[in-house]
*Asks:* 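Dropping the structure in here first, questions after.
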Amino acid sequence: MIHSIFKTIKMYYNKVSIRSAVFASFTLSSVLVILFIGISLYSSFSKKLDANVQEEKQILINQVNVALNSHLRNMMRVSDALYYSVIKNADIRDESINENMRLIFDVNMDDILNIALFDADGNLVKIVPAANIKDNYNVTNAEWFKSAMNKTENLHFFLPSVQNIYVDIEYNYQWVVSLSQAVEITKGNQTEQGILLIDMKYGGIEQILKNTTIGTNGYIYLMDSEGNIIYHPKQQLIAAGLCSETNVSSAKLKDGNYEEVFNGEKRMVSIKSVGYTGWKIVGITKEQNFSINDIQNKVFVATVFFLFIMILALMNWFISSKITNPIKMLEQSVEYVEGTMNEDDIFIGGSYEVTGLGKSIKKMVGQMQKLMGDIVTEHGLKRKSELDALQSQINPHFLYNTLDIIVWMVENEQKVEAVRVITALARFFRISLSKGQNIITVADELEHVRNYLTIQDKRFKNKFVYTIEAEPETLNLTSIKLILQPIVENAIYHGMEFMDGDGFIHVNAYIKTEFLYMVVKDNGLGMTQQTADSLLDTTVDLPVKPDNTSAPHKGSGIGLRNIQERIQLYYGKSYGLAIESEPDVGTTITMRLPIIPIEQAEKE
Amino acid sequence: MKKNTNLFIAVAGLFIFAAIFINYLNMSQRIEEGRIIKISIIINDVDDTFWKNFKKGAGQGATDYNVDMTFVTLYDKNNFSQQETLLLREIDNKADAIIISPANNTDLDELLDSMGGKIPIISIGSKLESSKVVSNIMPNNEQMGEELAAAVGDDINSIDKIYIVTGQKGMSGKDERINSVKASLSDKGQRITTIRPLDDSEFNNWLDEKLTDNENFTLIALEESHLALAAQFIDKHQISDAMKLYGIGYNNRLVYYLENEVIKTIVAPDYYSMGYAAIEQAVNTVKDDVVDKEIMIGHSVVYPDTVYDKKNEMLLFPIG
């Protein structure tokens, strides 16, 4: 599977352009990195935030618990102080009890509405501040009275209620939390059961809890051990049925943190018990407050990610374009140059490397242009040389002279000789033309020379003798057409023409040290070596005849330079002619050619 | 190549714009959620004696929904002209919504229909018909009348006279009350007389006349102010046996009278819930959320011995 994935990726990269590959690679790698880092950070941050929120909530609840505990314990201390320090062991008829009760009340009047002492029959014994019991109020039937009478050892806390025991001429109906305790009342020598009732102002408890919020939408409420709400920020709405709470189910839970779903909303419930009373503080946190995983945050994070990725993709697009556009333009210019072959059409630009590449290509195109030009020139020269050579072969003087000889022979009934000359002439021209081929065998070239010498031998009547030799292995090698005969012609016209016999021309073809050599040697007039060297030097003008003309010679008229040029054009500068000459001794012209069998040349 | 680049830029730009726009909507929603909404409450009364619980409920709603609440009272009760002035003033003050207790339903409907602008109006206590009113929040006046009549019916005999005191005509809620009380009591065979005093002094004069006449009768007060005046009168003259008083509405003093059986029975609307619901509906309107066209709030029939029942205790004396 992994192999096929890699294969697919490789195929993709092979098919697409550089820009697409660069863009895709940059963007994909960046996106992966961003996603990895982003998800890691988000996850880590989310967890840390959750943990922090939970910790802070716990601290808050603990603080509220401490405050509430403190408040309730304070009330309990007041109750105990009233009993042990004021009521117990003091005669109830004593006025000092009133004073002491008043004293304690005054100190705690912010938190306490009333302090009252009742006997076992429910009669009001003492009360601060002074008040009368309502006519229709049955003390002994009250819950606070009955509970205290039943369990005398405990202090009893009750759910909040509107205080309805005493007459209030100012029409105040205040919410209180009652605390009752069984006490012993002393009347003279008798002690009897009584009940101490302290009505704590509800506001004291409310104050501790009201301003405590957990996050934006979290809250704290207080309930008793059975789930009855003591304080809730929406207590009134719950009573009116406009709101609901999970207090009943939460009452069954022990202290700790719990997750719940309420009205389709996920929230965290933290429960902490309040000391003596068994009440429970419940902290509610909605998911949006203890986690950043709500829809809004997710949308925000997702859109920010997406935004970054799109911006990154845009940047990658521009960068990849910036890098690859010059390459593309270079590619297009190279395509264009294929047609025009003009180096100026090559695009130079882009990054350092692309600019360098463009310049190299431009140079290369320039060199190609030059080489092509050289080739064209070379071909032109070759064609010109061949034309020159061909043209000279059909030099009218040579033809006229040869035909004269033939006529003379025919008139003098030298038929055999005439036939021989005609045959030689025909063969001479056949090889000269060679069906337009420039490369012929050494054997044909020697045959060509032989025919020429046969004709010239008749013209120059025993002025010279000639030999033509060739190693057998040279016969099938390639030679350029019409390179020997002109040299032989030169030997005749420059060497033999003015001799009085005993002239000889020797033509030889052999192989030596991996080269083909063809040599034309004569014992003619010769020339100085300097003159000989200048014959091939293109920078030097051709030697001038005594009559100051450099008119072409009689006969073929092809110069040595033409032969040299043609050899080097075909085979290279390391091949060509070498002239050795000495005045009155003779001249040896050596031609060096490569060894190329004719079959090989024909294949090429 | 250039075409591809332009296309890519266009697509990328579109996506970037979409991302920014979605984020903007997201942020706007957050900002909207945190926005403070200004709501004005115009009550048809000279003081808020009977409106304490309503104010508590509205206050709770203001806390829950991040509302800046303004409470406005009239100089004269049932004075439509004053209410009109106050309404126009609050509109000028750029309130996001206005909660109003109509001084005169018919006149207020006409005024609202003639007004331009788009400030939503929430009516409390009685029903308005104007299209500008997005929600009517009121107690079930008909049912209150029936239950009050039932409480009265339990106490009276066939020869007793019954007087029903109520406000001027045109207050739809109060008309429903009186109609249902009359309908419920009609089969009892009593003589039922409706009195509509123009103001408090006229009503006091009427009470004095009755005292002078030394007449035994049952008085049913369908408005808090009349109930308070009558209770005060009865308590002062200690004639609770001769003049049996029943009514709709309450405050601490009336509860005191009820406890002492100066008033025999009170039907107590849940004003706290009305205040909360009014704020809630106003906020829903401003935020283009779902708004209930009509909301009936609950009520309770309270007797002297049931004042401190849990339900009545919470309704009469909202905690906090």
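When reading the values below, keep in mind they use all heavy atoms of this one structure, side chains included, and skip hydrogens, waters and symmetry mates. Remember, it's a predicted structure, so these values are computed and weren't measured experimentally. To find a chain, count down the sequence lines: A is the first, B the second, and so on, and within it residues start at 1.
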*Asks:* With a cut-off of 6.0 Å (strictly less than), are more than 12 heavy atoms of other residues, nucleotides or ligands near CD1 of A/I323?
*Replies:*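 Result for CD1/A/I323: enclosed.
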
*Asks:* Would you please go through residues 303-316 of chain B and name the residues with a non-hydrogen atom below 4.5 Å from one of chain A, in numerical order?
*Replies:*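 The stretch touches chain A at B/Y308, B/K310, B/E313, B/M314, B/L315.
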
*Asks:* What part of B/Y276 lies closer than 4.5 angstrom to a heavy atom of chain A: side chain, backbone, both or neither?
*Replies:*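 Contact with chain A involves the side chain of B/Y276 alone.
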
*Asks:* If you count heavy-atom pairs within less than 4.5 Å of chain B, which of A/V162, A/V304, A/D168 leads?
*Replies:*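 Heavy-atom pairs under 4.5 Å are most numerous for A/V162.
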
*Asks:* I'd like to know whether CD of B/Q238 has more than 12 heavy-atom contacts from other residues, nucleotides or ligands below 6.0 angstrom.
*Replies:* yes

*Asks:* Just grab all the salt bridge (Lys or Arg N to Asp or Glu O under 4.0 Å) pairs involving residues 300-313 of chain A, residues at least two apart or on different chains.
*Replies:* none

*Asks:* Using heavy-atom distances under 4.5 Å, tell me whether A/Y219 contacts chain B through its side chain, its backbone, both, or neither.
*Replies:*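 Contact with chain B involves no heavy atom of A/Y219 at all.
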
*Asks:* Mark yes when over 12 heavy atoms from residues, nucleotides or ligands other than A/Q207 sit less than 6.0 Å from its CD; otherwise mark no.
*Replies:*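 Result for CD/A/Q207: open.
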
*Asks:* Side chain, backbone, both or neither: which part of A/Y202 has a heavy atom under 4.5 Å from chain B?
*Replies:*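 Interface part for A/Y202: side chain.
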
*Asks:* Under the side chain to side chain donor-acceptor pair (under 3.5 Å) rule, collect the residues that match up with B/N204, sequence neighbours excluded.
*Replies:* none

*Asks:* Near A/E226 CD, under 6.0 Å, is it more than 12 heavy atoms from other residues, nucleotides or ligands?
*Replies:* no

*Asks:* Looking only at atom types and distance, does a side-chain atom of B/Y256 sit under 3.5 Å from a main-chain N or O of A/Y173, one as donor and one as acceptor?
*Replies:*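 Flag not set: sc B/Y256 to bb A/Y173 has no pair under 3.5 Å.
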
*Asks:* Around atom CZ of A/F306, are there more than 12 heavy atoms of other residues, nucleotides or ligands at under 6.0 Å?
*Replies:*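 Counting neighbours around CZ of A/F306, more than 12 heavy atoms of other residues, nucleotides or ligands fall under 6.0 Å, so yes.
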
*Asks:* Using non-hydrogen atoms and a 4.5 Å limit, figure out which bit of A/Q235 sits close to chain B: side chain, backbone, both or neither.
*Replies:* both

*Asks:* For residues 238-254 of chain B, pull every pair meeting salt bridge (Lys or Arg N to Asp or Glu O under 4.0 Å), keeping only residues two or more places apart or in separate chains.
*Replies:* none

*Asks:* What part of A/I311 lies closer than 4.5 angstrom to a heavy atom of chain B: side chain, backbone, both or neither?
*Replies:* both

*Asks:* Most heavy-atom pairs under 4.5 angstrom with chain A, which of B/N252, B/I319, B/D64?
*Replies:* B/I319

*Asks:* For the candidates A/L314, A/N164, A/D135, which exhibits the highest count of non-hydrogen atom pairs separated by less than 4.5 Å from chain B?
*Replies:* A/N164

*Asks:* Which value, rounded to the nearest 0.5 Å, describes the distance between B/T63 atom OG1 and A/K234 atom NZ?
*Replies:*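 Reported to 0.5 Å precision, the distance equals 10.0 Å.
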
*Asks:* Would the number of heavy atoms belonging to other residues, nucleotides or ligands and lying under 6.0 Å from NZ of A/K134 be above 12?
*Replies:*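 Atom NZ in A/K134 is packed in, count exceeds 12.
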
*Asks:* For B/Q232, does the CD atom have more than 12 heavy-atom neighbours from other residues, nucleotides or ligands under 6.0 Å away?
*Replies:*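 Enclosed: over 12 neighbouring heavy atoms sit under 6.0 Å from CD of B/Q232.
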
*Asks:* Between B/E259 and chain A, with a heavy-atom cut-off of 4.5 Å, which part of the residue counts as in contact: side chain, backbone, both or neither?
*Replies:* both

*Asks:* Name the option with the most non-hydrogen atom pairs under 4.5 Å to chain B; the candidates are A/L237, A/N136, A/N172.
*Replies:*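 With the most close heavy-atom pairs to chain B, the winner is A/L237.
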
*Asks:* Has A/Y171 got more than 12 heavy atoms of other residues, nucleotides or ligands less than 6.0 Å from its OH?
*Replies:* yes

